[in-house]
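No hydrogens, no waters, no symmetry mates; every other heavy atom, side chains included, goes into these values. Predicted model only: the values in this text are computed from it and were never measured.
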Number of protein chains: 2
Amino acid sequence: MDNDAALKRLSALAQDSRLAIFRLLVKAGPAGVAAGDIARALDTAPNTMSAQLLVLANAGLVRARRAGRSIIYAVDFSAMSALLVFLTEDCCGGRPEICAPVIASAAACCPPRKSRRA
Amino acid sequence: MDNDAALKRLSALAQDSRLAIFRLLVKAGPAGVAAGDIARALDTAPNTMSAQLLVLANAGLVRARRAGRSIIYAVDFSAMSALLVFLTEDCCGGRPEICAPVIASAAACCPPRKSRRA
DNA sequence: GCGATACTTCATGAATTGTTGAAGTATGGA
DNA sequence: TCCATACTTCAACAATTCATGAAGTATCGC
């Protein structure tokens, strides 16, 4: 991922409503949520919502697909992943022990089920 | 980390020079870099740089410490970590297999040295 | 085809942000 | 104390971004 793309994604996320939309979609997962449902959930006008979703889509963070009259938006998890990688790039500087905690806490979102050490 | 803090951090990073500064400091690690050196490295006026660094510092992403006449800036890795966690929060939605690749690729920045498979 | 629903696009005005020059503060050396 | 270096702060202008109302496009059921 290049600098411009990263900047576009960060700018897209750096706004109250859009960050809320993104987090809602992250929680919703690959199934996604219809534009209208997002608008209602966040109490936003449909046209405003549409503009916000366009920004997120142009940044590559979400993808739109039509389903009947609705348009379903879902997070592009690989794009999200690429952004995290970009931000942590070369964070080691030859010292993995420094950035290891960063990765560890990010991984905490998904505790492995089988070996749950207290 | 709350929504406002995350928003402040994303806004701080969502700007060309500041993203460059941040990445430079990520690479530099805990030792940090003097404000003047950052300004020279990125070919930016000292006062402009000062304003940018202030934004990053107010967002909590970097910390400043004085060393003689210089002021050294360094990334606050725990703040950076908290932001990544915030963005990936509840990304599982009960399905770790979805967000696992996200974490895995972020972790790729720090390949474990001892067991280098492949 | 017609009307209703679901969203998007466009144009406008208000607010926020970024850069610059000038002036100010802090440290170190003579 | 005096000067130079290293940064920061202030004030002001230019550029970008955001929300809104009005109008437009696509789909569905009748």
- Query: Which nucleotide in the list dG21(D), dG18(C), dT27(D) gets nearest to the side chain of R66(A)?
  - Reply: dT27(D)
- Which value, rounded to the nearest 0.5 Å, describes the distance between S17(A) atom OG and I38(A) atom CD1? 12.0 Å
- From CG of D16(B) across to P of dT17(C) the rounded distance in Å is 17 Å
- Task: Find the distance D43(B):CG to dT20(C):P and express it as a whole number of Å.
- Result: 10 Å
- So, does R9(B) use its side chain to make a donor-acceptor pair with the main chain of L56(B) at under 3.5 Å? no
- Closest nucleotide among dT9(C), dA19(D), dT5(D) to the R69(B) side chain: dT5(D)
- Using atom CG of L53(A) as one end and atom P of dT9(C) as the other, report the distance to the nearest whole Å. 11 Å
- Message: For a quick test of reading the model: is some side-chain N or O of Y73(B) closer than 4.0 Å to OP1 or OP2 of dA6(D)?
- Response: no
- Message: Heavy atoms only, 4.0 Å cut-off, all strands: where does A34(B) land among base, sugar-phosphate and nothing?
- Response: sugar-phosphate
- Item | Heavy atoms of other groups near D2(A) CG, more than 12 under 6.0 Å | yes
- Item | Interatomic distance, I38(B) CD1 vs dC7(D) P [rounded to whole Å] | 9 Å
- Rounded interatomic separation in angstrom, taking CD from Q52(A) and P from dT8(C): 12 Å
- Query: Which distance, rounded to the nearest 0.5 Å, do you find between the CZ of R65(B) and the CD1 of I71(B)?
  - Reply: 11.5 Å
- Query: Rounded to the nearest Å, what distance is computed from the CG atom of residue D37(A) to the P atom of nucleotide dC7(C)?
  - Reply: 7 Å
- Item | Rounded distance in Å - CG (N47(A)) to P (dC10(C)) | 13 Å
- Is there a side-chain polar atom (N or O) of T48(A) under 4.0 Å from OP1 or OP2 of dA19(D)? no
- Ignoring backbone atoms, test whether S70(B) places a side-chain nitrogen or oxygen under 4.0 Å from the OP1 or OP2 oxygen of dC7(D). yes
- Between P of dT17(D) and CG of L7(B), the distance in whole Å: 16 Å
- Distance test, side-chain N/O of R18(B) to OP1/OP2 of dT17(C), below 4.0 Å: no
- What distance separates L83(B) CG from L87(A) CG, expressed to the nearest 0.5 Å? 7.5 Å
- Message: Whether Q15(A) contacts dT16(C) is assessed here as follows: a side-chain N or O lying under 4.0 Å from the phosphate OP1 or OP2. Is that the case?
- Response: no
- Query: If you look at every strand shown and take non-hydrogen atoms under 4.0 Å, does R40(B) touch a base, only sugar-phosphate, or nothing?
  - Reply: nothing
- Item | Side chain of A35(A) - closest among dC7(D), dC7(C), dG28(C) | dC7(C)
